[in-house]
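The structure appears below as structure tokens.
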There are 2 protein chains.
Amino acid sequence: MAQTDGRKGEIIQMASKLFRERGYSAVSMRDLAAGIGVKAASLYNHISSKQEILSSIIISIAERFTEGMNAIVSKKVSVKNKLEEMIDHHIQVMIDNPDGIACLNNDWVHLKEPELTYFLDMRNGYEENLRKILKEGIKSKEIKQVNVEVMLFSMLSTLRTLHLLHEKKKGIKTDNLKNEVKQILLTGIMN
Amino acid sequence: MAQTDGRKGEIIQMASKLFRERGYSAVSMRDLAAGIGVKAASLYNHISSKQEILSSIIISIAERFTEGMNAIVSKKVSVKNKLEEMIDHHIQVMIDNPDGIACLNNDWVHLKEPELTYFLDMRNGYEENLRKILKEGIKSKEIKQVNVEVMLFSMLSTLRTLHLLHEKKKGIKTDNLKNEVKQILLTGIMN
DNA sequence: GTCTATAAAATGATAGAC
DNA sequence: GTCTATCATTTTATAGAC
């Protein structure tokens, strides 16, 4: 779960915001400290390194994605239902922490072992589960006979970058966003 | 057009590759020089700053996107046709320089003025033109009555990150990729 | 728990020999 | 056009006073 209270939570929140804006490597510990209103050295009373902050941000979100997906794949419902639940869950995780999502997307390359492998395993597992759902849908004719990889990629591209839309259109209600994304990803745009 | 010959071209190519892998801020001039097989100081005989390299990479691609889109919007063809041509063009630009595209996507925030404004104007213009096509399609009933912004966003998300799919599936032929992306973006995945 | 001071390394860039 | 040497800054992180 996401740290939000206490100094450590404050550090992680501010780091998420700055990493989102400029990227992990372009944000210094001084920048981060200044954003909070303390000196850089003071940060080290709450965290042990810049790396640890990045890991905290990314891993907690990746675990939430993984748990949600694992709960959905094995359900005894239609493929359409599974895809809808997956999209809803993905969007909810984004809504709860858009800065962290942006950070996960852009800066996971800067994770160090063993967190890097742990993250990549979760990411691959997530993709593999979605691939399984799509293949099941093709088999049952719920889904068109198109290239699974392109289909998979297109859905994930939209979902993974949705924080950018969320940022630009702050007005849009969560339920509307979920419904509109579901409609477009599942049934396309052409009449 | 993309520089590819001469030392300067070599520098830009290697920079595109490294910026793609690690991001602009995480690649040092020493890293870049080592990738080419010279010392960092030697780079400055061909370029004036690290910033200039980033600008070279991003601006030339953004101009190509802009030119292509401008040529398409005003054509006297159906909306479906325009969208297909737009997708084909977008994918072609990506195929010709996948590293540069990745760099444009991830590192445009590190552009400095006046290039930053020039880039953002082109980017906004591109989006505005695509929005215009989609609205035209909604009016003519070629396109479904869904939220234009979500539709626009979903298409651009997929197109903008397509270098990631291209990297993972090197086997796929360009024409197949174009056709599959067109089918999925335009008609969706559900039967 | 925050501060000042500082260490040790890395960074973008320049000067000048060859 | 490339090199060595170097400058001025900035970086992450630690030590120790308060």
Side-chain angles (χ1 to χ4, degrees), chain A residues 3-59 103 106-116, chain B residues 3-59 99 103 106-116 119:
Chain A
Q3 287 252 23
T4 48
D5 49 312
R7 253 297 191 248
K8 185 164 179 177
E10 197 179 356
I11 291 169
I12 290 175
Q13 257 193 312
M14 179 58 67
S16 302
K17 177 172 173 267
L18 296 180
F19 291 171
R20 176 186 191 169
E21 287 169 5
R22 279 175 268 164
Y24 175 75
S25 304
V27 175
S28 73
M29 293 302 272
R30 281 170 184 76
D31 294 333
L32 177 51
I36 295 174
V38 296
K39 295 293 174 182
S42 307
L43 298 174
Y44 291 89
N45 252 288
H46 306 280
I47 51 93
S48 68
S49 69
K50 195 184 172 188
Q51 268 295 316
E52 192 207 278
I53 301 176
L54 186 68
S55 301
S56 284
I57 296 169
I58 295 180
I59 299 296
C103 184
N106 303 324
D107 287 322
W108 65 263
V109 270
H110 298 113
L111 287 174
K112 297 250 187 273
E113 299 293 359
E115 283 84 3
L116 179 58
Chain B
Q3 287 253 24
T4 47
D5 51 310
R7 254 298 191 244
K8 185 164 180 177
E10 197 179 356
I11 292 169
I12 290 174
Q13 258 191 310
M14 179 58 66
S16 302
K17 179 173 172 265
L18 296 180
F19 291 171
R20 176 186 190 170
E21 287 169 4
R22 277 175 271 163
Y24 175 75
S25 304
V27 175
S28 73
M29 293 302 274
R30 283 166 182 79
D31 294 333
L32 176 52
I36 294 173
V38 296
K39 295 292 173 181
S42 307
L43 298 174
Y44 291 88
N45 253 288
H46 306 279
I47 51 93
S48 69
S49 68
K50 195 184 173 190
Q51 267 294 316
E52 192 207 279
I53 301 175
L54 185 67
S55 300
S56 284
I57 296 169
I58 295 180
I59 299 296
D99 291 340
C103 184
N106 303 324
D107 287 321
W108 65 263
V109 270
H110 298 114
L111 288 173
K112 297 249 187 274
E113 299 293 1
E115 284 84 4
L116 179 57
F119 169 76

Shortest non-hydrogen contact from Val27(B) toward Arg22(B): CG2-CB, 4.0 Å

Rounded interatomic separation in angstrom, taking NZ from Lys39(A) and P from dT11(D): 14 Å

Check: Glu52(A) side chain, Ser48(A) main-chain N or O, donor-acceptor pair, under 3.5 Å: yes

Validation row: Ile53(B), Leu32(B) side chains within 4.5 angstrom (heavy atoms): yes

Between C1' of dA13(D) and CD1 of Ile53(A), the distance in whole Å: 12 Å

Sugar-phosphate only, base, or nothing, as touched by Ser42(B) at under 4.0 Å among non-hydrogen atoms: base

DNA chain D: 5'-proximal contact among Ala26(A) and Ser48(A) (nearest heavy atom): Ala26(A)

Side chain of Ser28(A) - closest among dT12(D), dG12(C), dT4(D): dT12(D)

Side-chain donor/acceptor of Gln51(B) to backbone N/O of His110(B), under 3.5 Å: yes

His46(B) side chain, from C-beta outward: closest of dG1(D), dT4(D), dG12(C): dG1(D)

Rounded distance (Å) that lies between atom P of dT11(C) and atom CG of Leu18(B): 13 Å

Listed nucleotide nearest any side-chain atom of Tyr44(A), set dA13(C), dT14(D), dT4(D): dT14(D)

Among Lys17(B), Glu21(B), Met14(B), side chain to side chain contact (heavy atoms under 4.5 Å, CB included) partner for Asp99(B): Lys17(B)

Distance below 4.0 Å between Lys50(A) side-chain N/O and dT12(D) OP1 or OP2: yes

Interatomic distance where CD1 belongs to Ile11(A) and C1' belongs to dA13(D) [whole Å]: 14 Å

Whole-Å gap separating P (dA7(C)) and CE (Met29(A)): 20 Å

5′-ward residue of the pair Arg30(A)/Val38(A) relative to DNA chain C: Val38(A)

Between P of dT4(D) and CG of Leu43(B), the distance in whole Å: 13 Å

Protein-nucleotide distance (Gln51(B), atom CD; dT11(C), atom P), rounded to Å: 17 Å

Integer-rounded Å distance: dA13(D) C1' and Leu32(A) CG: 14 Å

